[in-house]
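The residues of the chain are indexed from 1 along the displayed sequence.
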Amino acid sequence: QASTAREQYNEWKLIDQQYKSEQHQLHLLRQEYATADDDRKKELTPAILHLENNQSQLQVQCEQLLHSIRRIEMENNQQ
């Protein structure tokens, strides 16, 4: 089970890095959107919506992995 926790932790690290990278991209797009003309806003909107959706999914995945890791660690501590 320790390897399972370790594997899940490594997976969490990758997802967390992706989350932070996309969060930065989203921030930059939102800044550009704030000063863009209407045509550019229409171009940016799908990308922003896509990143927002990904952010939500990645956040849920991170939370689930952290919960699972904690559960495994608690089980290992009881043994």
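- Judged by distance alone, with hydrogens and angles left aside, the side-chain atoms of Ser68 form no donor-acceptor pair with the main-chain N or O of Gln64 at under 3.5 Å.
- Note that OG1 of Thr4 and CZ of Arg6 are 10.0 Å apart. Values are rounded to the nearest 0.5 Å.
- Listed by chain and number, the residues in a side chain to side chain donor-acceptor pair (under 3.5 Å) with Arg40 are Glu32, Glu43 (sequence neighbours excluded).
- The ring-ring contact (aromatic ring centres under 6.0 Å, His included) analysis of residues 26-79, with sequence neighbours excluded, yields no pairs.
- With sequence neighbours left out, Asn53 forms a side chain to side chain contact (heavy atoms under 4.5 Å, CB included) with Gln57.
- Contact check for Glu11 versus Glu7: no side-chain heavy atoms found under the 4.5 Å cut-off.
- Atom-to-atom distance recorded for Gln23:CD and Leu26:CG is 8.0 Å, nearest 0.5 angstrom.
- The side chain to side chain donor-acceptor pair (under 3.5 Å) test applied to Lys20 returns Asp16, not counting sequence neighbours.
- In this structure, CG on Asn76 lies 10.5 Å from CZ on Arg71, to the nearest 0.5 angstrom.
- Think of Met74 as one node in a network of Ile, Leu, Val, Met, Phe, Trp and Tyr side chains linked at under 4.5 Å; it has no links at all.
- Distance check: Leu49 CG to Leu29 CG gives 11.0 Å after rounding to the nearest 0.5 Å.
- Under the 4.5 angstrom side-chain criterion for Ile, Leu, Val, Met, Phe, Trp and Tyr, the cluster partners of Trp12 are Tyr9, Ile15, Tyr19, Leu58, Leu65, Leu66, Ile69.
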